[in-house]
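Please read all numbers here as calculations on a predicted model, not as lab measurements. In what follows, chains are A, B, ... by sequence order, proteins preceding strands, each numbered from 1.
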Amino acid sequence: MQMETLVALCKRRGFLFQSSEIYGGLNGFWDYGPLGVELKRNIREAWWWDNVLSHNELITPLGAPSPYQMVGLDSTIIMHPQVWKCSGHYDLFHDYMVDCRETKKRYRYDQVQGRWVSYKGQRIFVATEAVGDEALAETEHKALKYFGLRPKDSEELVWESPIVSLTTVEDLSLVLAPDAKTLGTLTPPREFNLMFKTYVGALSGEENAAFLRPETAQGIFVNFKNVLDSTRVKIPFGIAQIGKSFRNEITPRYFTFRSREFEQMEIEFFCRPETSRAWYEYWRKRRYQWYLDLGLAGERLRLRDHSPEELSHYSCGTADVEYAFPFLAPGDFGELEGIAHRGDFDLRSHMEGKLIRKGNELVVELDANGQPKYRGSGRDLTYFDEETRERFIPHVIEPSAGADRAALAFLCEAYAEDTVPDEKGNPTKRVVLRLHPRLAPTKVAVFPLVKKDGMPEIAQSIYAALKPHVNCFYDEKGAVGRRYRRQDEVGTPFCITVDSQTLADNTVTVRDRDSLRQWRIKVDDCVEVIKNLVSGKERPPELA
RNA sequence: GCGGGUGUAGCUCAACGGUAGAGCAGUAGCCUUCCAAGCUAUUGACGGGGGUUCGACUCCCCUCACCCGCUCCA
């Protein structure tokens, strides 16, 4: 399938629109239309239901090390700025960068250094990424090359400064960039902040600077103690949250895949350190299975363990659930969800301050004065186990899913074109979204076969009976085949049609989207049958 | 952020330095007794901003967005 085809369908039928389209759009932002909002809501609700509400904490789920509890949370998008300093996001996401127009390379402004040199009246700043003696050698080599001199002529160069940071250079047009051959190829330093910045209160000074959250996870960690104190949960337990996050991505790309505003569905699962490995295994399998159960095909879905080099500095294991999106090169997969073993990194960070890795240890990062670079809350976020009389910092397993990416994957997977005979028996192309009934925006459409003989009235009463239970749709316009096709295109799994036989025996036909099979049920059973079909409790008779 | 490409109606595509056309879709009605495109009527577009010109959808510049390739992706 071509991605444009799906994008066009999404727009035409109201799944996804470009944000602010009438003003020309805004890169990296997407709106969900009337059908898209239902799809995404269904994804969210399936996730919440499957992970939180339907979870039975009294039994050991299949594959789990023990019973566990699940609760939910909804924390704010803007949090205390210190949250992001201790979590590491502030340092990681906040840099000044310069780009080289010649080589297209990008450098961290504060990591480039160099020295001033003159030759025959021309004074330039030779920059390098190297440090120490290497920087001296590198700058000399580059200066010689630039002025067209041989190594033996190096005395003719007049060095006018020691190695200094690029940040001390006012006029970048005099800078020879680290990999460039010509002068002045660096752009002015640009703030490269992957977190959206805003200001709390009317004053917009740095004092009041705040950030839109780049992940929902931190809201859970900072509420860890509140949840413990208010709910009587015991370890092991998970806290789930669904909400918007914001990242000022450099290159939003691939439809909604990499958006700047996106929705996450995250669980932070807290457990005893010695059981964390087993829980990690449990969650990575369970989360993979969730996508399979909702219809993503096994050959396009994979669970990939990160290699040791890929792991974040705090993680002792991470696996991604990945989907072979059609916009990626064959063989490439895009991330839907990451399941990370985060150890005690997060809770410790919010107790002690920002942590960095030193050898095999995580230690508080210190500033030049030997003080913590970013102070933690100082609150005790340890857990006291009443049974074993032990106090410890729980370890965390984090399944973190993207709701928009899931929606996109389900749409990609569902899109299909097949051939269906028309009224004369000639094969015609049909576009159909084979969405799982749980995810389909509309569960059932109700039609009178024709707009006469009292069929519309009966159909309308069936519609009225269904309405309180499932999202349904009524249509009496045009030929019935055309109405079926319209529903196929938006993934409605079932259609109920009132025909002349209904008038005689009070039965209607149910049509299955995928198989095109039809069978008759009693008018009075419509609500029950449709509910069962949508929940999967019942299957179309020919397929059962 | 860089390079290349694209931007005309919801979609697919025309035309022209001088009043922007069509098919499909949509809407209203007719016709239709189970898998869209039969009839009638009808809605609807030059991504945005400048410039050149008597006149710009057309030529030029800028910008925005999308696609492809790099770069980036905690």
Side-chain angles (χ1 to χ4, degrees), chain A residues 2-5 7-14 17-30 33 84 87-95 97-107 185 187 190 192 194-195 214-215 217 245 247-255 257-258 260 310-315 318 327 329 334-335 338 340 400 418-432 447-453 455 476-489 495-503 508-513 516-518 520:
Chain A
Q2 287 295 305
M3 204 54 203
E4 296 86 59
T5 313
V7 175
L9 172 69
C10 284
K11 184 179 179 193
R12 180 158 41 91
R13 300 309 307 267
F17 306 126
Q18 201 172 4
S19 168
S20 322
E21 199 192 61
I22 61 168
Y23 286 105
L26 191 59
N27 196 351
F29 296 91
W30 298 89
W84 308 113
S87 71
H89 289 88
Y90 182 82
D91 283 349
L92 201 61
F93 284 10
H94 197 93
D95 283 317
M97 309 290 281
V98 289
D99 289 300
C100 178
R101 297 187 188 93
E102 179 187 320
T103 63
K104 314 301 180 204
K105 290 197 178 182
R106 171 171 294 151
Y107 309 97
T185 56
T187 61
R190 282 174 285 206
F192 222 76
L194 262 49
M195 285 196 291
E215 61 172 39
S245 290
R247 294 179 193 179
N248 207 349
E249 296 285 354
I250 302 159
T251 315
R253 191 59 76 90
Y254 301 134
F255 202 20
F257 183 78
R258 190 176 299 143
R260 289 180 163 138
E310 263 182 291
L311 291 179
S312 313
H313 58 289
Y314 50 75
S315 181
T318 298
F327 47 75
E335 180 185 346
S400 169
D418 62 6
T419 310
V420 170
D422 67 9
E423 55 186 347
K424 298 181 191 75
N426 302 317
T428 55
K429 191 181 99 170
R430 174 177 80 137
V431 172
V432 55
F447 308 142
L449 185 59
V450 290
K451 204 164 51 173
K452 57 185 183 189
D453 301 341
M455 291 181 201
E476 57 180 33
K477 298 279 170 63
V480 73
R482 180 198 205 81
R483 286 175 262 158
Y484 286 143
R485 296 296 179 88
R486 272 199 283 246
Q487 293 306 310
D488 290 340
E489 204 180 41
C495 295
I496 289 176
T497 305
V498 172
D499 56 18
S500 53
Q501 197 179 327
T502 309
L503 308 172
V508 292
T509 64
V510 181
R511 172 208 187 245
D512 177 60
R513 173 196 68 201
L516 300 172
R517 298 283 180 75
Q518 286 185 288
R520 300 198 75 87

Exercise. Now, which nucleotide makes the Watson-Crick or G-U wobble pair with B:A41, with each of the two distances under 3.5 Å?
Worked result: B:U27
For this session: Under 4.0 Å between any heavy atoms, over every strand shown, what does A:Lys451 touch: base, sugar-phosphate, or nothing? Just pick one.
Result: base
Problem set entry | Opposite nucleotide pairing with B:C16, Watson-Crick or G-U, both atom distances under 3.5 Å | none
Exercise. Between A:Arg483 and A:Thr497, does a side chain to side chain donor-acceptor pair (under 3.5 Å) hold up when you go through it step by step?
Worked result: CA-CA 11 Å; A:Arg483 286 175 262 158; A:Thr497 305; over 6 Å; no
Seminar exercise, completed: Against the side chain of A:Arg253, the closest entry in B:G1, B:U33, B:C34 is B:G1
Seminar exercise, completed: Walking RNA chain B from its 5' end, the first of A:Asp499 and A:Arg486 to be reached, judged by nearest nucleotide, is A:Arg486
For this session: Could you tell me whether A:Arg483 contacts a base, only the sugar-phosphate backbone, or nothing, with contacts defined as non-hydrogen atoms closer than 4.0 Å?
Result: nothing
For this session: Look at the side chain of A:Arg258 and decide which nucleotide, out of B:A65, B:C72, B:C34, has an atom nearest to it.
Result: B:C72
Exercise. Partner of B:C35 by Watson-Crick or G-U wobble geometry, both contacts under 3.5 Å, or none?
Worked result: none
For this session: Could you tell me which nucleotide pairs with B:A9 by Watson-Crick or G-U wobble geometry, both distances under 3.5 Å, or answer none if nothing does?
Result: none
For this session: Give one of base, sugar-phosphate or nothing for A:Arg430, where a contact means two heavy atoms less than 4.0 Å apart.
Result: nothing
For this session: May I ask you to say what A:Asn27 touches in the nucleic acid, namely base, sugar-phosphate or nothing, with a heavy-atom cut-off under 4.0 Å?
Result: sugar-phosphate
Problem set entry | Nucleotide opposite B:C2 in a Watson-Crick or G-U pair, distances under 3.5 Å | B:G69
For this session: Name the nucleic acid region contacted by A:Asp488, choosing base, sugar-phosphate or nothing; use a 4.0 angstrom heavy-atom cut-off, strictly under.
Result: nothing
Seminar exercise, completed: Looking only at B:G29, B:U32, B:C35, the nucleotide nearest the A:Lys477 side chain is B:G29
Exercise. A:Gln518 near the nucleic acid: base, sugar-phosphate alone, or nothing, with a heavy-atom cut-off under 4.0 Å?
Worked result: base
Exercise. Quick check, are the ring centers of A:Phe257 and A:Phe327 under 6.0 angstrom apart?
Worked result: yes
Exercise. What nucleic acid atoms does A:Ala479 come within less than 4.0 Å of, heavy atoms only: base, sugar-phosphate, or nothing?
Worked result: base
Exercise. NA contact type, A:Arg482, heavy-atom cut-off 4.0 Å: base, sugar-phosphate, or nothing?
Worked result: sugar-phosphate
Problem set entry | Sugar-phosphate only, base, or nothing, as touched by A:Tyr23 at under 4.0 Å among non-hydrogen atoms | nothing
Exercise. A:Arg430 versus A:Leu516: any side-chain heavy-atom pair under 4.5 Å?
Worked result: yes
